> 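Okay, handing you the structure first.
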2 protein chains.
Amino acid sequence: MTSTDPTPPLRPTRQRRAVVEAMTSFADFRSAQDIHELLGERGDQVGLATVYRTLQRLAEAGEVDVLRTEEGEAIYRRCSESHHHHLVCRSCGATVEVEGPTVERWTRSIAAEHGYAEVSHTLEIFGTCPACA
Amino acid sequence: MTSTDPTPPLRPTRQRRAVVEAMTSFADFRSAQDIHELLGERGDQVGLATVYRTLQRLAEAGEVDVLRTEEGEAIYRRCSESHHHHLVCRSCGATVEVEGPTVERWTRSIAAEHGYAEVSHTLEIFGTCPACA
DNA sequence: CTCCGGTTTGACAATCGTTCTCAACTGATC
DNA sequence: GATCAGTTGAGAACGATTGTCAAACCGGAG
Ligand SMILES: [Zn+2]
Ligand SMILES: [Zn+2]
Ligand SMILES: [Zn+2]
Ligand SMILES: [Zn+2]
């Protein structure tokens, strides 16, 4: 069996620190390439492939949220660990984390109603923020 | 002004008919390439680029729903015209269209609460269907 | 029916985000 | 400082999607 796969250790390298650090410097969703560029401007030289790899790890660990633009490009944002959704400004990208039992209950009941198990969901709200109105 | 752009006519060509027809032959979400292949098997020879173009048109016209796989690939499915969401089986893709005032109200109120206007949203529910349980 | 201009098509090239490859590099550990 | 698994980065490779553009098509005017 390939059983024992005890989650290989994770080294806190310069690059990983730089990416995590960079993620705290903005509040909207950005693409891996944007983040790579941002790192460059800051003087933190990190390979593009490493940025992609690190963002994946962070996403798996639930430390960043991933969304898909209409074109299918992945965009990332640091986030709180608990389950939540986003209210995103279509114009400037300003994002608010939102949550509430209403939708959680609704999705669960709808799924149950149709006999679906192991339910999960994705929900994003888009609009024009007060500043961009 | 480049005003007069009265939506160029849309000719019902053999290819377009074939794609629309093919879309009625399955109920889950499929990629453009899957659909292209399906057309080939049926004997309807249609260029891949045309399949992409047609699906785009159909999506714009609201005649098919588009989703993104976790990997960012676009998948399509014929759908009813009114606003709704999907309950999709993670294992076999079986899809149920769902709707209800609860979420619609919730998203609207959440957005209003934060001063966001022109609100829209996306919501998909995933689970294991009874057949795959 | 024939001609004409705009629409559509499809083979193929080109994009472009993302992943893969793999040799060089790092950091713990002893 | 020797060891060794985890990391990195430059560049190649990938794969979905879009762009190109000449040839095929269409519907209506003449
Ligand atoms: Zn805004
Ligand atoms: Zn939720
Ligand atoms: Zn199923
Ligand atoms: Zn809705």
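Note that the structure is a prediction, hence the values are computed from the model and not measured. A, B, ... follow the sequence lines: proteins, then strands. Residue 1 opens every chain.
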> Does any N or O in the side chain of B/R68 come within less than 3.5 Å of the main-chain N or O of A/E70, such that one atom is a donor and the other an acceptor?
yes

> Any luck finding a side-chain donor-acceptor pair between B/S80 and B/E97 under 3.5 Å?
yes

> Side chains of B/V20 and B/M23: closer than 4.5 Å at any heavy-atom pair?
no

> Please determine if a side-chain N or O atom of B/R16 lies less than 4.0 Å away from the OP1 or OP2 oxygen of C/dT7.
no

> OH/A/Y76 to OG/A/S31 distance, rounded to the nearest 0.5 angstrom?
9.0 Å

> Side chains of B/T95 and B/R77: does their closest heavy-atom pair fall under 4.5 Å?
yes

> What is the distance from CZ of B/R17 to P of C/dT8, rounded to the nearest Å?
13 Å

> Could you pull out all residues at least two apart from B/H86 that satisfy side-chain hydrogen bond (donor to acceptor under 3.5 Å, both in side chains)?
B/D65, B/H84, B/E124

> Need the bend value for the helix from C/dC1-D/dG30 to C/dC30-D/dG1: angle between end axes, 5 pairs each end, nearest 10°.
10°

> With side chain to side chain donor-acceptor pair (under 3.5 Å) as the criterion, how do B/R57 and B/T54 come out once you've worked through the C-alpha distance, each side chain's angles and the decisive distance to 0.1 Å?
CA-CA 5 Å; B/R57 294 294 189 80; B/T54 305; over 6 Å; no

> Can you give me the N/O atom pairs linking the protein to nucleotides 25-29 of chain D at distances under 3.5 Å, or say none if there are none?
residue : atom : partner : partner atom : Å
D/dC26  : O4'  : B/R11   : NH1          : 3.3

> In whole Å, what is the span from the CZ atom of A/R53 to the C1' atom of D/dG6?
11 Å

> Measuring to OP1 and OP2 of C/dT26, would you say a side-chain N or O of A/Q15 lies under 4.0 angstrom away?
no

> Considering only heavy atoms, which members of residues 58-76 of chain A lie under 4.0 Å from some atom of DNA chain C?
A/E73, A/A74

> Between A/H36 (side chain) and A/V46 (backbone), is there a donor-acceptor pair under 3.5 Å?
yes

> Report the distance from atom CD of B/Q15 to atom CZ of B/R53, rounding to the nearest 0.5 Å.
9.5 Å

> Any heavy-atom pair between the side chains of A/F26 and A/L38 that's under 4.5 Å?
yes

> Where do B/V88 and B/G93 come nearest, in terms of heavy atoms and distance?
CG1-O, 4.0 Å

> Any residue in residues 29-52 of chain A with a heavy atom nearer than 4.0 angstrom to DNA chain C? Just list them by number, or reply none.
A/Q33, A/A49, A/Y52

> Roughly how far, to the nearest 0.5 Å, is NE2 of B/H114 from OG of B/S109?
9.0 Å

> Which residues end up grouped with B/V103 if you chain together Ile, Leu, Val, Met, Phe, Trp and Tyr wherever their side-chain heavy atoms are less than 4.5 Å apart?
A/L87, A/V96, A/V98, A/V103, A/W106, A/I110, A/Y116, A/V119, A/L123, A/I125, B/L87, B/V96, B/V98, B/W106, B/I110, B/Y116, B/V119, B/L123, B/I125

